[in-house]
Amino acid sequence: ELASGVSIIYLVSMMTWFVDREDGTYDAGISDTSKALVFMPLVIIFFMILYVAYLGHHPEKLRVTRAKQHKYAVEHIVNFGTLTAHSKEMSAEFFNGVGEWDRFYIMHAAEVFAAELKGKPKRAKLVNSSSGRLEMLDRAILGGSPKCTVFLDEPEVAAPPAESEA
């Protein structure tokens, strides 16, 4: 949205720049707008650097934020898992009913889980096998037993519901 807004402002300023002006009345406004557009990225970068520096000096705030994010993510991932466990049809209906962008992000989250927890990246992705994340499922489910074959099987893919002909 920011890029499209800036593009519109730039386009309008260029269009007004080349029209006949009344003794330069519009020149100052267009000049100020151009200056703002040129230096806006520098201002944004400056505030981003301040934010990162702030988090670096206050790691407890970052830990609290991550804890809240973890709680939120787990709660809703468990909800989807519960829906899937009780009704694969309703789960497929939900998945097929969300918007395209939502499905895109759900699939990317699933790819992270597959790569980091199972060691099966869908795309060319580096997996840090020394992190211990690949054995987390085994440690959590089986208490450190050999690889859990239940989680290594490929999940069933529910077909989208057939559209009825009118």
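Each residue takes its place number in the sequence, starting with 1.
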Nearest atoms (heavy-atom pairs only) where S91 meets L83: CA-CD2, 3.9 Å
Is it possible for you to say whether M90 and F94 belong to one hydrophobic cluster, with membership spreading through side-chain heavy-atom contacts below 4.5 Å? yes
Check: F113 and I77 side chains under 4.5 Å, non-hydrogen atoms: yes
To the nearest 0.5 Å, what is the distance between OG1 on T84 and CG on N79? 10.5 Å
Consider side chain to side chain contact (heavy atoms under 4.5 Å, CB included). Of K68, Q69, H70, which one does R66 pass it with? Q69
Same apolar cluster: I44 and L55, side chain cutoff 4.5 Å: no
Ring centroids only, cut at 6.0 angstrom: are F80 and F95 within range, meaning strictly under it? no
ILVMFWY cluster, V43 and L50 together (side-chain gap under 4.5 Å): yes
Quick one: does M48's side chain get under 4.5 Å of V52's, heavy atoms only? no
Closest approach of R103 to N96 (non-hydrogen atoms, all atoms of both residues): NH1-O, 3.4 Å
Using a 3.5 Å distance criterion without hydrogens, assess whether the side chain of H58 forms a donor-acceptor pair with backbone atoms of Y54. yes
Taking atom OG1 of T65 and atom CD of E60, what is their separation to the nearest 0.5 Å? 10.0 Å
